[in-house]
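Worksheet: the structure to be examined is printed underneath.
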Protein chains: 2
Amino acid sequence: MKNEDEPKDKRLKPGDAQKLTMAEVAKYVGVSAMTVSRAFRQDASVSEETRKRIMEAVDALGYVLDLSAGSLSSRRSGFIAALVPSINNSNFSDTARGMTDALQNTGLQLLLGYTDYSTEKEEELIEAMLRRRPEGIILTGGSHTARARRMLVKAGIPVVETWELPEDPINQVVGFSNSEAMALLVRTLASQGYRKFGYIGGTTARDTRGSQRRSGFQKTVEELGLGPGRMISFGVPPITMEQGGQAIVSLLERWPDTEVVLCVSDLSAFGAIMECTRRGMKVPRDIAIAGFGDYEISSICHPRITTINVDCYGIGRQAAARLMDALHTGEATGDEITLTGYKVVLRESTDRNGAPTA
Amino acid sequence: MKNEDEPKDKRLKPGDAQKLTMAEVAKYVGVSAMTVSRAFRQDASVSEETRKRIMEAVDALGYVLDLSAGSLSSRRSGFIAALVPSINNSNFSDTARGMTDALQNTGLQLLLGYTDYSTEKEEELIEAMLRRRPEGIILTGGSHTARARRMLVKAGIPVVETWELPEDPINQVVGFSNSEAMALLVRTLASQGYRKFGYIGGTTARDTRGSQRRSGFQKTVEELGLGPGRMISFGVPPITMEQGGQAIVSLLERWPDTEVVLCVSDLSAFGAIMECTRRGMKVPRDIAIAGFGDYEISSICHPRITTINVDCYGIGRQAAARLMDALHTGEATGDEITLTGYKVVLRESTDRNGAPTA
DNA sequence: CCTAAAATTGTTATCGATATCATCTTGCCG
DNA sequence: CGGCAAGATGATATCGATAACAATTTTAGG
């Protein structure tokens, strides 16, 4: 026996690169590698006694399981890939949290990727992910490059598209109609007496959810006989707070009598409100402004922002749950659509009677 | 030849699970698997002609490289693990972006994990990551469980700790002194005439950067002979906007004559300012408030918030760069410390003369 | 036109864990 | 006490790509 290499000094440094394998742990304990492998799984049949001895050895030697070897032979990579547009967006991070929570104790890990609202980047990421053979994949939105779509189909794993309702789903869908949600907001505000509607959103079609919100706005304004909406496009999605501020300036220059402005997200709405405040306009007294997404900031800032609350967390949770279903039922599940909720949250920024307090 | 399974219908659906291997692509093209493998790498010697034919076949068959097999034999997993406290924090997402950018064209992918400010969760994540054999690992902060530390050392891969200066670094460090940064802010404001300092931060020691900022505040206030600071602890880190608002209420109840309040982050500062505004206090006329981190919101909101700007992106970029260095030099590099910059950004929220405009 | 060097391609062993089947205990029941 | 089922463990083949080396073809130079 020659294993006097247990680190004993307090300040440990890397460098003594290990090359510890399961076989060595096995030899150390006096069992076969197979038994060590079994000890790492809860369902396998190993006597408690043996498992304990193995785990002690694992601890003493500092062995860490090698999944890359394991997944090759078991043909199970043990992870789910999820692609979201942006890392720094509380809506998507709530969704990611929902997914992580739903995957607790399933033995599956979540691997996140960021597409930056670009289908090209999404395609690259999808390929990078598929190369590691995920057991399922969750996407945001329903717009993908043709090649991405082909790869996803070929992969033969469950796919869940989220956050919207694609016309031609690949597989499963968990989301809601961004267009109808925005329409609901328009109708709600119209019923409060607002007539002259403006809209602020990003410039391109890259952000499909943004485009859907825009078209929901446009359609509804016209349906209500309030003429074509006053639309300002500003900045590449995701539109920033600052761009929201710039956009409202353009909008009010062009249509000074606008009564209420809907924004593609709370962040741009916030930027717009702050810019108005800075220019001496009171919100909602001089102009009403609403957002979309119910970010934390909207319930904190002054005035608080009217918005659409989306069940971000639920989207993530259900997407993961649907994926698990598909994995368990041997992916024979049909292509289901799971609708998630949203609701209008009326706050000070569109309050008809009130100047905001203070 | 029997390969009439090319998908031709427009609406592709998964289900026809593939089991396509490199060998089959090779057979299809009429070369060996090894040549196909070579075709996938830019440096390998394959004739352009052959590579083209192989890539066409790959495209036609829809083959996707299997890295789990490849990394087993090449002993290179092709990814770097990075652990950050929170997914939804623009400071850390900037850092993540810096890392991603620095890893462009290195053939290495970034894998992010979220510790939720918990060393226990960090330990779990470190183990989960190590099981996939990353080629390097980037951590946020210098506090880790003993077991986490042991695993990291044992792993024999480069480790970079970021965002602070640990007393006992594992390996490399890229960061700055949170304590000194906060001290600088205190001194700057003191030089403007402020005397009665308050501080708002989270309750526990979990957020080590928060603790360091707090101690930097405390120490400096005392050094300047301004008595012990007025400290309010509120909420489990990461402290939210809402908790910032609640905290400032407590603070002003207890010490109504406070002149300036420093907050552990811009987000709590924002919450505090909004709460003051709502209660009819003007910032900075009635009370000055500053944050930390220079989040986007601080330059947009009204009044704009004085803060410490941290080179978040640079931290990420340099952390990844140091890691690459270590990988190239055969990890013989000493344990270097790379200092990153920070600076005070004075804005309206602590403006001595001015009530904010409007 | 011949030879050495360079470029291209192929063959075989291997990475480290796990599926699968075989073997060996143990315990229980009639 | 025989026999059989359930439980524990081991032996071996295998997952799919790549390293390492071997073989072959092409190119360049004299």
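- Residues B:T145 and B:E120 bring no donor and acceptor atom of their side chains to less than 3.5 Å of each other.
- Remark: C1' of C:dC15 and CG of B:L72 are 4 Å apart, rounded to the nearest angstrom.
- For the OP1/OP2 pair of D:dA8 and a distance below 4.0 Å, the side-chain nitrogens and oxygens of A:T50 include no atom meeting the criterion.
- If you check every strand for non-hydrogen atoms under 4.0 Å, B:V31 touches sugar and phosphate atoms only.
- Computed from coordinates, the A:L67 CG to C:dT18 P distance equals 8 Å when rounded to whole Å.
- Within the nucleic acid shown, B:R41 comes within 4.0 Å of sugar-phosphate atoms alone, with no base atom in reach, counting heavy atoms only.
- Phosphate proximity of D:dC15 to A:S71: absent, as no side-chain N or O sits under 4.0 Å from OP1 or OP2.
- One finds a salt bridge joining B:D66 and A:R133 here, because a Lys/Arg side-chain nitrogen approaches an Asp/Glu carboxylate oxygen to under 4.0 Å.
- Of the charged side-chain nitrogens involved, at least one lies within less than 4.0 Å of a carboxylate oxygen, so that B:E127 and B:R147 count as a salt-bridged pair.
- For B:R133 and C:dA17, the CZ to C1' distance is 11 Å, given to the nearest whole Å.
- A:S68 comes within 4.0 angstrom of nothing in the nucleic acid, heavy atoms only.
- Of the two residues contacting DNA chain C, namely B:S45 and B:R75, the nearest-nucleotide position lying further toward the 5' end is that of B:S45.
- For the 3.5 Å distance criterion, the side chains of B:S118 and B:T115 fail to qualify, holding no donor opposite an acceptor.
- The CE-P distance, from A:M34 to C:dG16, rounds to 17 Å in whole Å.
- DNA chain D is contacted by both B:S37 and A:S47; A:S47 maps to the nucleotide lying nearer its 5′ end (nearest heavy atom per residue).
- Residue-level contact check: B:S32 touches the bases, meaning some heavy atom is under 4.0 Å from a base atom.
- A:T50 and A:S47 share a side-chain donor-acceptor pair at under 3.5 Å.
- Side-chain N/O atoms of A:S73 include none lying less than 4.0 angstrom from OP1 or OP2 on D:dT14.
- Between the CG atom of A:D66 and the C1' atom of D:dA17 there is a distance of 15 Å, rounded to whole Å.
- Between the side chain of A:R38 and the base of D:dG10 there is at least one donor-acceptor pair of N/O atoms closer than 3.5 Å.
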